[in-house]
There are 2 protein chains.
Amino acid sequence: MSSTASSHPDTAKQAAILQQAIDVFAEQGFRNADVQVIADRAGVGKGTVYRYFGNKQDLFWAAALEVTQRMADHIWAATEPVDSPLEKIRAAAVAYYEFFDANPACLEICVLDRAEFRGSVPEPHQEYHDALIERFAAIFREGIQRGEIRPVDVNAAIVGLGGLLYGIAFQGCYDLAHRTTAEVGRVAIDTFLQGIRTNPAEPPTDRKEQKEQAE
Amino acid sequence: MSSTASSHPDTAKQAAILQQAIDVFAEQGFRNADVQVIADRAGVGKGTVYRYFGNKQDLFWAAALEVTQRMADHIWAATEPVDSPLEKIRAAAVAYYEFFDANPACLEICVLDRAEFRGSVPEPHQEYHDALIERFAAIFREGIQRGEIRPVDVNAAIVGLGGLLYGIAFQGCYDLAHRTTAEVGRVAIDTFLQGIRTNPAEPPTDRKEQKEQAE
DNA sequence: TGGCTTGGACGGACGCGTCCGTCCGGTGCC
DNA sequence: GGCACCGGACGGACGCGTCCGTCCAAGCCA
């Protein structure tokens, strides 16, 4: 209360509800989450929540879209200043873990999206997802052109990269051999870039970015 | 219905309930799943379900443990006849995707475990998980000894591999660039073994297992 | 016939979404 | 400039449907 100004009745309350929805859904899961609790924490009545978001499910979609946008923004901001495609990919991975380390609730929303709704997201999400794929595909293609990246199947590689990032983040709640998610993520992305196999041609003489992860 | 014999009152009914629990939980999610439906599908009364499994949550744990065991069995069966550590890892990955392609309900149980309970599994699960890690660590170590695998950080590599497998399986419900999960998984595991970076020393002349994924 | 398993009817808790009374800011009339 | 009217934003009480876990009556085997 004491919202003296009330210049825009909508925006402030809507944002408050959305943020609380992210937190409560993340804490409780979709079915367990009580809309009344979201309303209480946002400092509004339950009726107001339904006024702004229609129903519980639409509220969840709104929360999920918000999370997607925040994550994408963070990743793009991290990759843009980098020139090398290979390093762009590494930067994206680091940004990804940074984001979820800093916003664990956002990770849980992604998990719930997959678990509750089998990823059957409405169109806005799909558009964001497709845009993500396409921008990464462009990075991969340029990397291949520049000779930094092997001529791999770009789409499959992106799905693989996505799976790697996603999977490790998901597993963050389990015991990751006593490492933080970001730490494991850094090792994993190095593996993705370089592979685990010894090169059949040469003995392990190609230490180059191994220096920074020296155990 | 018509379970005239009832030779073993326990085992048969218990197994039926467990199987139906896996299916119904996978279809509906934990909170959405109605114990009555599980009982009906298993051909028993709800009271019998509670007699055997105590409560809904314990029933879910039992289902999750069953899934874990089935999956682990399948993977070990696939890796044992293989000699080369590197190929053992590849075989394990293939077996992983095979299993979840053939048993999608089992994948959903894993997703639910993570989503509903943050992976806060009871001890039996943890033991299985630890055993899995240890057996793979042994494979990695032998691979490194034999010179097939770069001297990577074994624990981190395993988490990375697990994340890769897990993540791609999870994403199977999204549009994987019009591929099946198994197909994408095969490409991804190749990437894990070899990396995407061109080797700084030699030009891309090392096609060796690229022949089988020729686009 | 007696003990034990089974199954489904039932009570009660819980939470979604609605609906109605309230309150506040803006507008027109005096 | 002050006052009364009005519309709509707001909040929370409530109704209703859903589903967990229990309990007791009926059946089955020894």
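Each chain gets a letter, A, B and so on, in the order the sequences are listed, and its residues count up from 1.
- As rounded to whole Å, 11 Å separates atom P of D/dG21 from atom CZ of B/R31.
- Rounded to an integer number of Å, the gap from B/Q14 CD to C/dT6 P is 11 Å.
- Listed pair A/K56 / C/dC16 meets the phosphate criterion, a side-chain N or O lying under 4.0 Å from OP1 or OP2.
- Dashed line: the shortest gap from a side-chain N or O of A/Y52 to OP1 or OP2 of D/dC10 is under 4.0 Å.
- Residues B/Q36 and B/D40 have side chains that bring a donor and an acceptor to within less than 3.5 angstrom of each other.
- Nucleotide D/dC19 holds its C1' atom 13 Å from the CZ atom of B/F25, rounded to whole Å.
- Under 4.0 angstrom from either OP1 or OP2 of D/dC19 there lies no side-chain N or O belonging to B/K46.
- Remark: C1' of C/dG7 and CG of B/D40 are 10 Å apart, rounded to the nearest angstrom.
- Between B/T191 and A/F192, the closest heavy-atom pair is CG2-CE1, 3.5 Å.
- At least one donor-acceptor pair closer than 3.5 Å links the side chain of A/K56 to the backbone N or O of A/F30.
- C/dC16 atom C1' lies 13 Å from atom CG of A/L59, rounded to whole Å.
- In terms of phosphate contacts, B/T48 brings a side-chain nitrogen or oxygen within less than 4.0 Å of OP1 or OP2 of C/dG7.
- Note: CD (A/Q28) to P (C/dG15) measures 9 Å, nearest angstrom.
- Across all strands shown, B/A33 has heavy atoms under 4.0 Å from sugar-phosphate atoms exclusively, and none from any base.
- Residue whose closest nucleotide on DNA chain C sits further toward the 5' end, between A/N32 and A/G54: A/N32.
- Rounded to an integer number of Å, the gap from CD of B/Q36 to C1' of C/dT6 is 13 Å.
- The aromatic rings of A/F100 and A/Y96 sit perpendicular, their planes meeting at an angle over 60°, well past the 30° parallel limit.
- Between the P atom of D/dG11 and the OH atom of A/Y50 lies a distance of 15 Å, rounded to the nearest Å.
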